[in-house]
A.B. asks: 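Dropping a structure here in structure tokens format, bear with me for questions.
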Number of protein chains: 2
Amino acid sequence: MGRSYRVGEVATLTRVSVRTLHHYDRIGLLRPAAHSSGGYRMYGESDLLRLQQILTLRYLGFPLKRIGELLGRPDFDLVASLRVQRQALRERSAELERISTAVGDLVERRLETGAWSWELVIEASQAVGASLTQREETMEAHYTPEQMKQFAAVGETTPPEEIASIEREWTELLAEVRANYDLDPASATARALGDRAEALTARTMRGYEPYPELTEAIGANYEKGAFEGNMLAPQAADFAFLARVKAAR
Amino acid sequence: MGRSYRVGEVATLTRVSVRTLHHYDRIGLLRPAAHSSGGYRMYGESDLLRLQQILTLRYLGFPLKRIGELLGRPDFDLVASLRVQRQALRERSAELERISTAVGDLVERRLETGAWSWELVIEASQAVGASLTQREETMEAHYTPEQMKQFAAVGETTPPEEIASIEREWTELLAEVRANYDLDPASATARALGDRAEALTARTMRGYEPYPELTEAIGANYEKGAFEGNMLAPQAADFAFLARVKAAR
DNA sequence: ATAAAGCCTGACGTAACGTCAGAGTCAAGG
DNA sequence: CCTTGACTCTGACGTTACGTCAGGCTTTAT
């Protein structure tokens with residue numbers, strides 16, 4: 001029997017306003033587990049978990065209405081949802097990085113040439129605009145029943161130590177790659193790195209194999225800089241190097 | 001004399017809705033440079049630049065009213081503002097990364113122990129909530145008149161090739177550091193890496209020296225994973241290694 | 001010159017809260 | 001046990017940043 005919390009406590013703990021919690025209660029998104037005799041809202045621990053889901057999904061751009069529908073679906077799986085969230089947060093982070101470089105390019109060009117590059121201005125606006133309009137569509141795709149089920153299934157087929165081992169090896173490999181960006185792509189050392197990368201990719205994908213659409217989606221995300229695990233994230237330059245190696249046969 | 005655009009063009013170019021542009025016109029945030037004889041809004045290129053500012057600042061959480069005030073300030077400097085924006089976007093990206101790992105920790109724990117860790121649930125919620133409530137305050141700090149002036153001054157004192165050189169050296173150094181995480185922190189090799197890192201930090205900070213508050217703020221951001229340039233970003237593990245080296249004297 | 005496509009201006013609607021106001025509830029200390 | 005200060009409740013109304021028609025001009029392409 002876990003402890004219970006009053007609105008104010010929940011509010012300070014999760015840094016949302018009391019009024020927001022009232023609001024979520026009224027629209028039926030998060031009703032407290034119980035009420036005191038005097039009518040106070042008493043939240044339980046599972047309520048906190050649900051609130052976490054709500055807050056993260058809201059942060060990712062879902063309207064509250066959709067969140068309610070999602071959380072109410074019979075096939076909703078908390079663990080799968082958290083996985084999707086982590087994935088989406090990483091994607092969003094990479095997106096911000098892209099916007100940031102777009103803005104950076106804009107200043108740089110201005111400082112170099114003394115004039116504004118209107119193409120870069122537009123590019124920067126587009127980047128920020130895209131991340132606001134795309135987001136709903138992108139997220140909806142993640143939360144289709146099939147995707148959820150698939151994400152839920154992955155963890156069960158791949159043991160955690162295999163995941164950890166894969167992440168460690170990626171980190172090591174990337175460190176070596178980064179120390180050798182200037183290497184001749186046709187050299188034996190470079191080819192060896194390329195081979196290791198390919199083998200690791202295969203191992204990484206193993207758990208997802210039964211689900212072709214997922215494999216594809218994950219491949220795309222890799223190149224965009226979004227990842228499942230907490231590993232050192234590969235960057236565009238790493239892929240560029242590996243691509244050069246592959247091109248050099 | 002640059003070309004001019006109609007609402008629809010601006011809208012598709014920057015991926016905002018026509019209605020949004022109408023709205024910005026009505027509240028006086030972005031009035032088109034001219035009107036056609038028939039009353040069509042005709043936007044000029046400088047309008048696009050202003051729109052970029054608006055969109056980025058909005059993305060960063062500023063209310064439109066504050067944006068209007070900001071852009072109207074007599075000491076407003078476009079280049080400085082863009083620098084601040086890039087910085088802020090990076091910070092936001094790093095924040096997302098933190099939230100993502102918080103969510104990741106939560107799932108992981110659940111899979112390991114079979115039960116939910118309420119502390120981690122709260123932590124995850126807090127992370128999300130913080131990034132929504134903090135944002136205004138944090139950004140306001142960036143946009144004080146002094147900070148703006150200082151950011152504007154930086155680029156003028158440090159030549160671009162010095163910046164490029166510094167970024168390249170950081171990238172090289174980090175690659176080596178990453179290849180040696182397991183090295184004895186007291187070893188000569190490790191100490192050499194530590195020395196190089198300190199020297200580079202000093203060079204990095206040179207341009208900011210006249211402004212102590214900026215130096216401090218930048219130092220803090222480094223550890224949080226936010227950066228000025230487009231370089232390979234150091235990660236927590238890198239700092240951990242360098243800290244170990246320093247601790248080993 | 002005649003559509004098709006695009007643009008205009010209200011008027012009204014919506015989401016997700018924020019802001020009081022007035023009244024009731026709780027838990028600790030005297 | 002009772003008081004008191006901190007907390008909570010429920011409307012009612014306000015706010016921000018647009019979205020959604022509706023009815024009617026403007027442009028541009030053919």
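What you see below is based on every heavy atom in this structure, not just the backbone, and it leaves out hydrogens, waters and symmetry mates. Reminder, nothing fancy here: chain letters follow the sequence lines and each chain counts from 1.
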A.B. asks: Consider only side-chain N and O atoms of B:Arg50 and B:Tyr24, and report whether a donor and an acceptor are under 3.5 Å apart.
C.D. replies: no

A.B. asks: Rounding to a whole Å, what distance do you find between B:Tyr59:OH and D:dA17:P?
C.D. replies: 17 Å

A.B. asks: Apply the side-chain hydrogen bond (donor to acceptor under 3.5 Å, both in side chains) test between A:Ser100 and each candidate in B:Glu91, B:Arg90, B:Arg86; give the one that qualifies.
C.D. replies: B:Arg90

A.B. asks: Check DNA chain D against residues 25-43 of chain B and give the residues with a non-hydrogen atom under 4.0 Å, in numerical order.
C.D. replies: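 Residues of residues 25-43 of chain B under 4.0 Å from DNA chain D: B:Ser36, B:Ser37, B:Gly38, B:Tyr40.
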
A.B. asks: Give the rounded distance in Å between these two atoms: NE2 of B:His22 and P of C:dG10.
C.D. replies: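 That distance rounds to 12 Å.
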
A.B. asks: Starting from C1' on D:dA17, measure out to CG on B:Leu55 and report it in whole angstrom.
C.D. replies: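 So the two atoms are 13 Å apart, to the nearest Å.
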
A.B. asks: Give me the atom names and distance for the closest heavy-atom approach of A:Gln52 to B:Val103.
C.D. replies: NE2-CG2, 4.0 Å

A.B. asks: Can you list every salt bridge (charged side-chain N to carboxylate O under 4.0 Å, His left out) pair that touches residues 121-131 of chain B, not counting sequence neighbours?
C.D. replies: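 Every pair satisfying salt bridge (charged side-chain N to carboxylate O under 4.0 Å, His left out) with a residue in residues 121-131 of chain B: there are none.
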
A.B. asks: For the pair made of CG in B:Leu21 and P in C:dG6, what is the distance, rounded to whole Å?
C.D. replies: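 Interatomic distance, CG of B:Leu21 to P of C:dG6: 16 Å.
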
A.B. asks: Taking the side chain as C-beta and beyond, is there a heavy-atom pair between B:Tyr59 and B:Leu89 under 4.5 Å?
C.D. replies: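 Sidechains of B:Leu89 and B:Tyr59: in contact.
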
A.B. asks: What are the two closest heavy atoms between A:Ser117 and A:Leu106, and how far apart are they?
C.D. replies: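 The pair with the smallest heavy-atom distance is O-CD1, 4.1 Å.
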
A.B. asks: Can you find a side-chain donor-acceptor pair between B:Arg26 and B:His23 that sits under 3.5 Å?
C.D. replies: no

A.B. asks: Between B:Arg66 (CZ) and D:dT15 (P), how many Å, whole number?
C.D. replies: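 So the CZ-P distance, B:Arg66 to D:dT15, works out to 18 Å.
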
A.B. asks: Which atoms of nucleotides 17-20 of chain C (N or O only) lie under 3.5 Å from a protein N or O atom, and what are those distances?
C.D. replies:
from: C:dC17; atom 1: OP1; to: A:Arg58; atom 2: NH1; distance (Å): 3.2
from: C:dC17; atom 1: OP2; to: A:Tyr24; atom 2: OH; distance (Å): 2.6
from: C:dG18; atom 1: OP2; to: A:Ser17; atom 2: OG; distance (Å): 2.7
from: C:dT19; atom 1: O4; to: A:Arg19; atom 2: NE; distance (Å): 2.8
from: C:dT19; atom 1: O4; to: A:Arg19; atom 2: NH2; distance (Å): 3.1

A.B. asks: Is it true that A:Arg109 and A:Glu112 make a salt bridge, defined as a side-chain N closer than 4.0 Å to a carboxylate O?
C.D. replies: no

